[in-house]
Amino acid sequence: AQKITQTQPGMFVQEKEAVTLDCTYDTSDQSYGLFWYKQPSSGEMIFLIYQGSYDEQNATEGRYSLNFQKARKSANLVISASQLGDSAMYFCAMSPYSGGGADGLTFGKGTHLIIQP
Amino acid sequence: GAGVSQTPSNKVTEKGKYVELRCDPISGHTALYWYRQSLGQGPEFLIYFQGTGAADDSGLPNDRFFAVRPEGSVSTLKIQRTERGDSAVYLCASRGARGPLHFGNGTRLTVT
């Protein structure tokens, strides 16, 4: 069974600062994928970034980067130069395959990020 | 159409009633997923379709829940004899051959 743990239920960050959202995972699979999604108050889940278990480089997408530490089973999301529009719930998730697909996603409980002006 | 469309956006029903929730995936996406998100929680997997068939329905909580996708496009999640504990946001997602899930805005179900 797979499990995702997000230990920060809420975070307050000053605008323009960098933010790190923590995510640890537990799995016995050798091949898996890690995802981050953003959920604003509108409710839609917005895909941010993906990391495969065999990817040697940390994934980056614009202001988002994923700090993947395989030995520690952590996949923290880093948001650089935070903006007011970054305020939302953020979910870490994993799937049992590392090919970029998303079968059987297991989600964490999320972190509520609030960016303050 | 651009994204995944779910209707209705809100549904209020009385305990014991039957409800249907509809999902219209992104055109051409063969894989379709239903998730349920309770307040303060992350989404929980319910069922996954590949084409017309349910490839994995291990997340359905009990036999009151059923989903269909008869033509491999639109899907309907059906809940019989609704209970107050069924109140949640029901999220639908789709994806193509590779890549991440694309989610709809969800249907907020309230059972009174």
Side-chain angles (χ1 to χ4, degrees), chain A residues 1-10 21-25 31-52 55 59 61 64 66 75 77 88-113, chain B residues 1-11 21 23-26 29-51 53-60 88-110:
Chain A
Q2 300 183 323
K3 184 179 179 183
I4 294 283
T5 301
Q6 294 181 255
T7 57
Q8 305 152 311
L21 304 181
D22 294 340
C23 173
T24 58
Y25 60 91
S31 177
Y32 51 88
L34 295 156
F35 301 77
W36 277 92
Y37 281 84
K38 172 184 178 180
Q39 188 176 43
S41 56
S42 61
E44 185 182 1
M45 298 285 283
I46 302 168
F47 167 74
L48 296 178
I49 197 166
Y50 163 80
Q51 179 88 39
D55 294 341
E61 290 286 349
Y64 303 109
L66 199 152
L77 177 70
M89 285 292 293
Y90 287 81
F91 291 96
C92 180
M94 74 182 300
S95 70
Y97 312 106
S98 67
D103 292 314
L105 276 181
T106 300
F107 285 84
K109 290 190 174 182
T111 295
H112 189 190
L113 176 65
Chain B
V4 177
S5 175
Q6 291 188 247
T7 55
S9 55
N10 281 283
K11 176 72 177 178
L21 312 179
C23 172
D24 202 338
I26 292 173
H29 279 190
T30 56
L32 185 147
Y33 303 75
W34 284 98
Y35 284 81
R36 178 169 70 174
Q37 187 175 21
S38 300
L39 193 64
Q41 302 293 319
E44 293 178 302
F45 170 76
L46 294 177
I47 187 170
Y48 155 55
F49 287 90
Q50 185 61 252
D56 183 355
D57 63 358
S58 61
L60 294 177
V89 175
Y90 290 81
L91 293 166
C92 178
S94 71
R95 69 172 177 86
R98 286 175 64 87
L101 296 186
H102 296 270
F103 284 83
N105 285 345
T107 294
R108 183 175 298 279
L109 175 66
T110 304

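Just so it is clear: chains get the letters A, B, ... in the order the sequence lines come, proteins before strands, and each one is counted from 1.
- The parts of B/Asn105 that come within reach of chain A are both its backbone and its side chain, each placing non-hydrogen atoms under 4.5 angstrom from that chain.
- Proximity of the aromatic rings of A/Phe35 and A/Phe91 is defined here by a centroid distance below 6.0 angstrom, and this criterion is not met.
- Ring pair A/Tyr25/A/Tyr32: centre-to-centre distance below 6.0 Å.
- Note on B/Gln37, B/Arg108, B/Gln6: by heavy-atom pairs under 4.5 Å with chain A, the leading option is B/Gln37.
- The backbone N or O of A/Thr111 lies less than 3.5 Å from no partner atom in the side chain of A/Gln8, so there is not a single donor-acceptor pair.
- Ring centroids of A/Tyr37 and B/Phe103 are separated by less than 6.0 Å, placing the two rings close together.
- Neither the backbone nor the side chain of A/Gln6 comes within contact range of chain B; no heavy atoms are under 4.5 Å apart.
- With chain B as the partner, the residue from A/Gln39, A/Lys109, A/Met45 showing the most heavy-atom pairs under 4.5 Å is A/Met45.
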